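The block underneath contains the structure these notes are about, expressed in structure tokens.
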Amino acid sequence: MRRTRILTAVLALAAGLLAGTPPALAADSTAKVSLAADTYTWKNARIDGGGFVPGIVFNRKEKNLAYARTDIGGAYRWQEPTKTWTPLLDSVGWDDWGHTGVVSLASDSVDPDKVYAAVGTYTNSWDPKNGAVMRSSNRGASWQKTDLPFKLGGNMPGRGMGERLAVDPNRNSVLYLGAPSGKGLWRSTDSGVSWSQVANFPNVGNYQQDPNDTSGYASDNQGVVWVTFDESTGTSGNATKTVYVGVADLQNSVYRSTDAGATWTRLAGQPTGYLAHKGVLDAARGYLYLSYSDKGGPYDGGKGQVWRYATATGTWTNISPVAEADTSYGFSGLTVDRQKPGTVMATAYSSWWPDTQIFRSTDSGATWTRAWDYTSYPNRANRYTLDVSSSPWLTWGANPAPPEQAPKLGWMTESLEIDPFNSNRMMYGTGATLYGTENLTNWDAGEQFTIKPMVQGLEETAVNDLASPPSGAPLLSALGDIGGFRHTDLTKVPSMMFTSPNFTTTTSLDFAETNPNTVVRTGNLDSGPHIAFSTDNGANWFAGTDPSGVSAGGTVAAASDGSRFVWSPDGTGVQYTTGFGSSWSASSGIPAGAIVESDRVDAKTFYGFKSGKFYVSTDGGATFTASAASGLPSGDSVRFKALPGVKGDVWLAGGATDGAYGLWHSTNGGTSWTKLANVDQADAIGFGKAATGASYQTLYTSAKIGGVRGVFRSTDKGASWTRINDDAHQWGWTGAAITGDPRVYGRVYVSTNGRGVIYGDTSDPSGGGGTDPTDPPGPTPTGTCMVTYKITNQWSGGFQADVRLSNTGSSPWTGWALGWTFPNGQTISQTWNAETTQSGSTVTARNVGWNANVTAGSSVSFGFTGSWSGTNGKPTAFRLGERSCTVA
């Protein structure tokens, strides 16, 4: 895996800051704005993981309550009944896109309903907004936010250290937050509503990964990096007296207060020359454990140690599992077993080759064993088995030579937690997924324990491009860090990412409109080709040949019949080829770095855009001519596409707030353009199946229309628009790509910068346009049924309910759809173990794939969270199809 995360949003937003041009000369003044919302169901095209999980937090009071944070993809809550994760920050909108980066999480051990997230993606100019602390009193179902006077860096160097945010376990109205960039230590005394700097905290940190980095990314002071309370030094309702704080300072990394934060001192006798990535307290034994590295991580780290500090005597003991001279990595992941004091585990987070390492001690660090050992080099014996059958792509299609193995145990393993209620369960994050085991204590018995991905529902890929061909797989994706996938079933994890070659990041892909078996993709690779072709709809690939000078993937376009290709790579100018790229020729008349696309009808017509100019080639990409049209965006934050089936019909979205910004349409191959007056801003455009009775394909855009940011659909050529997402489903930045499905009316695929590929289906799939031919007809169960509806949790404005549907008849069901009406206008926000649609107060809950079959005498359960006001009455009647169910 590449060691840097893709900065999709950063690059696009930076491009959007370039100067704009005057408004377009032509404008459609008759277009109408219609913002009536459709009801959509939103899901992820399953990949499961795909990014760095730097933090896992278990609640110390309530069993099975756990959270995970990601560097760019939001936060998640564990759902024990389904062993899945529920996203919590999908409500973060376009303007606050940086708040999808989570630098720290804290779960309240006094009131488990409360959870906090410190959010912000970059501390430099890439993120224009300051960070914030988000607080929830309903486990993340809804949030309130306090903006901070400084930035936070969920995707900055040092993001695996922590946790920076902590709740006092005795007086839960008190929280601490460690800040980067020299901003020090901050405290809230009103449950996160307001914050003030702890003025007497003596050290704001001084460690920089690279002081010479002029971008401000690697040169930022990593600051105050963790806070740990000694709960034994407080009583319920009174502030905990002893608090430990970690600072990014190689000589002064740990501080302590023994008077509830009134005064602070450097901990005497501490190790120097290292950064303390984690500080974990075992109050039962009176030990503070610390994992050290010479670097901030999460990629770098060449030396490390593990230490134990006796809180009663002040004695320091080096308990490193490996002598420093024998390390080529730092330590970070650190956890103790709350059920078995004296059991401690640590990770070699920066051990990239041949694998990461996990260490375990059951005697407070006096002795250690390893997850794997060499037998006779290069052969190794593992204490574990690693089963990735649920996410088979984690092997990367590799067959490495020993001592490497596929799949790897991991890399960037900075988060590691033993369930405080279950000694057998451990979870740890890697740069690609979240792994876990539920028989960990086999380790101590000398037996192998089983590690599996525990990541379903946690989607963390950055999406660069999307394609939905008219035949073959419904979805092809270009992703950061893990290349991309061919989805033949959106509900299942593909067996492998694109390989042969395996790009670290795929930057662009396209298919031949009239021959969808021909597909091309371009991407980044440290050494090797930057372009690949497929003749079987992306199932198998072969590498093309790079022209001289190529340094990165750029954009690529396939002729409508697949006979030729035009490529605009980084490092050299635009190129064209016939066949499959065995040789390339330079295109003329178009500048280097232009975005390229193809006409979807004429195989010899290609288009390009660069810095306000639109370019056209009618000879297969050999020569381009600049259009005389003016008024297009002057910057390069632009995406455009040609409409399938109509020659010369092109749509262009993009721009910047200080210049031309919006959506343009050309019907003559870019010779002239009409700017849609009813679109304020637009950043991506795509097409899907036309509605019944419509003569033009459905348009989809990520845009601002009528003053509202969202995902919009038009079935009348842009004359009117319907917002199809809602405020609970915004996913931060969605400007990289969007496309409809040419086979399913209303289905749209949306790119995100860290939440993977989102797809939505309308509640009215006929739309006049028919339904998904792969979906079976609606279920019609026979026999009697019984429903138990239980409100399991309720708070101000919100609630959680569980529903059990029992088959009390004599025949099995092969699918079910349960309907009811809320008596007080309640609204469902999130559902698990079922798919729900709601119109007004009327709700329909349908089975998901795995729980469709319900035998006679058995039952199926699902749950949801929702909102209410005034009264939260229970439904009194339930329907299974046309049959009424008994209410228990």
Side-chain angles (χ1 to χ4, degrees), residues 1-3 5-6 8 43-56 66-79 82-90 100-102 105 154-155 159-160 298 333 347 349 356 386-398 406-417 426-437 451-464 477-487 490-498 502 504-506 731 751-758:
M1 165 172 274
R2 191 180 182 187
R3 301 188 182 187
R5 298 302 309 278
I6 190 72
T8 307
K43 304 176 188 176
N44 274 100
R46 278 189 65 189
I47 295 168
D48 289 10
F52 183 34
V53 181
I56 301 165
Y67 297 88
R69 64 178 170 96
T70 69
D71 50 7
I72 61 172
Y76 294 79
R77 184 181 65 244
W78 179 250
Q79 301 287 350
T82 57
K83 307 290 186 182
T84 62
W85 296 92
T86 292
L88 302 179
L89 294 180
D90 284 358
T100 60
V102 184
L105 277 176
N155 198 33
R159 60 192 179 273
T347 66
Y349 78 94
T356 198
L386 184 49
D387 176 6
V388 297
S389 56
S390 63
S391 301
W393 60 265
L394 285 166
T395 65
W396 254 256
K408 284 193 172 188
L409 186 59
W411 54 87
M412 296 163 59
T413 49
E414 294 220 58
S415 57
L416 173 77
E417 293 294 332
M426 174 190 72
M427 296 182 184
Y428 69 97
T430 78
T433 192
L434 191 154
Y435 280 126
T437 180
I451 295 174
K452 296 181 179 181
M454 284 188 175
V455 73
Q456 185 176 344
L458 193 159
E459 298 285 348
E460 200 205 350
T461 50
V463 184
N464 294 328
S477 58
L479 307 177
D481 286 349
I482 58 172
F485 291 89
R486 178 179 188 260
H487 269 90
L490 302 173
T491 67
K492 295 180 180 178
V493 179
S495 60
M496 192 55 56
M497 70 274 285
F498 299 141
N502 188 334
T504 51
T505 287
T506 299
W731 315 291
S751 69
T752 73
N753 188 50
R755 269 285 284 121
V757 181
I758 303 288

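Computed from a predicted model, the values in this text were never measured in an experiment.
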Side chain to side chain donor-acceptor pair (under 3.5 Å) partners of Ser495, counting only residues at least two apart: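 Side chain to side chain donor-acceptor pair (under 3.5 Å) list for Ser495, sorted by chain: empty.
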Full working for side chain to side chain contact (heavy atoms under 4.5 Å, CB included) between Tyr67 and Leu88: CA-CA 10 Å; Tyr67 297 88; Leu88 302 179; 3.8 Å; yes
Ile758/Thr752 under side chain to side chain contact (heavy atoms under 4.5 Å, CB included): CA gap, chis, key distance, verdict: CA-CA 7 Å; Ile758 303 288; Thr752 73; 3.7 Å; yes
Side-chain donor/acceptor of Glu460 to backbone N/O of Phe52, under 3.5 Å: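 Such a contact is found between Glu460 side chain and Phe52 backbone.
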Please tell me if the side chains of [X] and [Y] come closer than 4.5 Å, counting only heavy atoms from C-beta onward.
| X | Y | answer |
| --- | --- | --- |
| Asn753 | Thr100 | no |
| Asn44 | Val757 | no |
| Met426 | Leu416 | yes |
| Val493 | Ile47 | no |
| Pro87 | Arg755 | yes |
| Tyr76 | Leu434 | no |

Quick one: [atom1] on [X] to [atom2] on [Y], what's the gap to the nearest 0.5 Å?
| X | Y | atom1 | atom2 | value |
| --- | --- | --- | --- | --- |
| Trp85 | Met454 | CH2 | CE | 9.5 Å |
| Arg77 | Thr84 | CZ | OG1 | 10.0 Å |
| Met427 | Tyr435 | CE | OH | 14.5 Å |
| Lys83 | Trp78 | NZ | CH2 | 6.0 Å |
| Trp411 | Thr430 | CH2 | OG1 | 5.5 Å |
| Thr504 | Asp481 | OG1 | CG | 7.5 Å |

Please report the shortest heavy-atom distance between [X] and [Y], naming the atom on each side.
| X | Y | answer |
| --- | --- | --- |
| Trp396 | Ala432 | CH2-CB, 3.8 Å |
| Ala478 | Thr506 | CB-CG2, 3.4 Å |
| Ser391 | Val455 | OG-CG1, 4.4 Å |
| Arg159 | Pro54 | O-CB, 3.8 Å |
| Met497 | Ile482 | CB-O, 3.4 Å |
| Thr395 | Ala406 | O-CB, 3.9 Å |

For Arg46, salt bridge (charged side-chain N to carboxylate O under 4.0 Å, His left out) partners two or more places apart: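 In terms of salt bridge (charged side-chain N to carboxylate O under 4.0 Å, His left out), with neighbours along the sequence ignored, Arg46 is linked to Asp48.
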Of Thr347, Val53, Ile451, the residue whose pairing with Tyr428 passes side-chain contact (heavy atoms from CB on, under 4.5 Å):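 In the set Thr347, Val53, Ile451, the residue that makes a side-chain contact (heavy atoms from CB on, under 4.5 Å) with Tyr428 is Ile451.
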